[in-house]
Number of protein chains: 2
Amino acid sequence: MDSNRDADRWGALADGTRLAIVARLADGPLAVGKLADGLPVSRSAVSQHLKILKDAGLVEDAAAGTRRIYRLNPVALAALRDQLDAFWQRALAGYADAVLAPTEED
Amino acid sequence: MDSNRDADRWGALADGTRLAIVARLADGPLAVGKLADGLPVSRSAVSQHLKILKDAGLVEDAAAGTRRIYRLNPVALAALRDQLDAFWQRALAGYADAVLAPTEED
DNA sequence: CAGGTCGGTTAGTGAATTCTAACGGTTAGT
DNA sequence: ACTAACCGTTAGAATTCACTAACCGACCTG
């Protein structure tokens, strides 16, 4: 099953610090120092979280002189959104099905 | 910050077993036994995961005789999708901004 | 009432995760 | 060349998480 790989993608957004990083990155590309400056953790932690996010394909990095700029990857976000949307639509179908035919299969 | 609360919602989807449960529930409402029957874990684990998912508002339960039927909550899924969509659109804006004006703000 | 099935909860164990602290490497400026 | 600033990595401890096993309560059938 590749559910684990998908879970890794969702897991990247599961941590509060990482979600804050993504939220901050959504406003625009940022360097690690700036990211850590607005968070209650050290730069090391931010760097590790960035590595996880980068490994999940959610962010991309670009070297800019002595600092390194990180930005979100809209494609990965769209993929996550599509999967969630599929769940949503199938859940709606299940709702309608349950209302129209409340028979329990064995 | 309520980032932790949001992180809990994402965290509910972060685990592989829980993601499999959600995927199975997306095809239609199901009882705990049926859920556990198609997963490599015991009913206890499924029940615990169901509690986490229910606590996160992603699933709802309904007593049906001696068994208990679980189904997805499309509203919660839509909320998650909206948040992801907001990230996505803001990331796109950041992309355009970076392309049009590659100046680094202080 | 006795027996069987189904589901939730608790205790306890083993593994994974997150964080800080300290180190080394790279780039820019004097 | 030297110093300063910025970033990534590693080691290690503390917390959190997921799972099995065992127990108890609820519902249906004979």
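Chain A is the first sequence line, chain B the second, and so forth, proteins listed ahead of strands; every chain is numbered from 1.
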Choose from [options] the nucleotide whose nearest atom is closest to any side-chain atom of [X].
X: A:Thr66; options: C:dC19, D:dA5, C:dG7; answer: D:dA5
X: A:Ser44; options: D:dT20, C:dG8, C:dA21; answer: C:dA21
X: A:Arg68; options: D:dC19, D:dT20, D:dG8; answer: D:dG8
X: A:His49; options: C:dT18, C:dC19, D:dC19; answer: C:dC19
X: A:Val41; options: D:dA18, C:dC19, D:dT20; answer: C:dC19
X: B:Arg67; options: C:dG7, C:dT20, D:dA18; answer: C:dG7

So does A:Arg43 get a side-chain nitrogen or oxygen closer than 4.0 Å to the phosphate oxygens (OP1/OP2) of C:dT20?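 The answer is no; no side-chain N or O of A:Arg43 sits under 4.0 Å from OP1 or OP2.
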
Ignoring backbone atoms, test whether A:Tyr70 places a side-chain nitrogen or oxygen under 4.0 Å from the OP1 or OP2 oxygen of D:dG8.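 True: A:Tyr70 side-chain N/O within range (under 4.0 Å) of D:dG8 OP1/OP2.
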
Any N or O donor-acceptor pair under 3.5 Å from the base of [N] to the side chain of [X]?
X: B:Ser42; N: D:dA21; value: no
X: B:Thr17; N: D:dA18; value: no
X: A:Gln48; N: C:dT20; value: yes
X: A:Ser47; N: D:dT9; value: no

Do [X] side-chain atoms and [Y] backbone N/O form a donor-acceptor pair below 3.5 Å?
X: A:Arg18; Y: A:Gly11; result: yes
X: B:Arg9; Y: B:Ala56; result: yes
X: A:Asn73; Y: A:Val59; result: no

Are B:Leu58 and B:Leu13 side-chain neighbours, meaning at least one heavy-atom pair lies under 4.5 Å?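 Yes, their side chains come closer than 4.5 Å.
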
Are the side chains of B:Val32 and B:Arg67 in contact, using a 4.5 Å heavy-atom criterion?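 No; the side chains remain at least 4.5 Å from each other.
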
Rounded to whole angstroms, how far apart are [atom1] on [X] and [atom2] on [N]?
X: B:Leu50; N: C:dG7; atom1: CG; atom2: P; result: 10 Å
X: B:Leu35; N: C:dC6; atom1: CG; atom2: P; result: 14 Å
X: B:Leu30; N: C:dC6; atom1: CG; atom2: C1'; result: 14 Å
X: B:Ile52; N: C:dG8; atom1: CD1; atom2: C1'; result: 14 Å
X: A:Asp61; N: C:dT26; atom1: CG; atom2: C1'; result: 15 Å
X: B:Lys34; N: C:dC6; atom1: NZ; atom2: C1'; result: 11 Å
X: B:Lys51; N: D:dC17; atom1: NZ; atom2: C1'; result: 15 Å
X: B:Asp37; N: C:dG7; atom1: CG; atom2: P; result: 11 Å

Assuming nearest nucleotide by heavy-atom distance, tell me which of A:Arg18 and A:Gly65 is located more 5' along DNA chain C.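 Closer to the 5' end of DNA chain C: A:Arg18.
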
Taking any strand in view, what nucleotide pairs with D:dA26 in a Watson-Crick or G-U wobble way, both distances under 3.5 Å?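 Per the H-bond distance test, C:dT5.
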
C:dC19 pairs with, by Watson-Crick or G-U criteria that keep both distances under 3.5 Å: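 Here C:dC19 is engaged in a pair, and the nucleotide opposite it is D:dG12.
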
Minimum heavy-atom separation for A:Arg81 and B:Leu84, please, with both atom names.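 What the structure gives for the nearest pair is N-CD2, 3.3 Å.
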
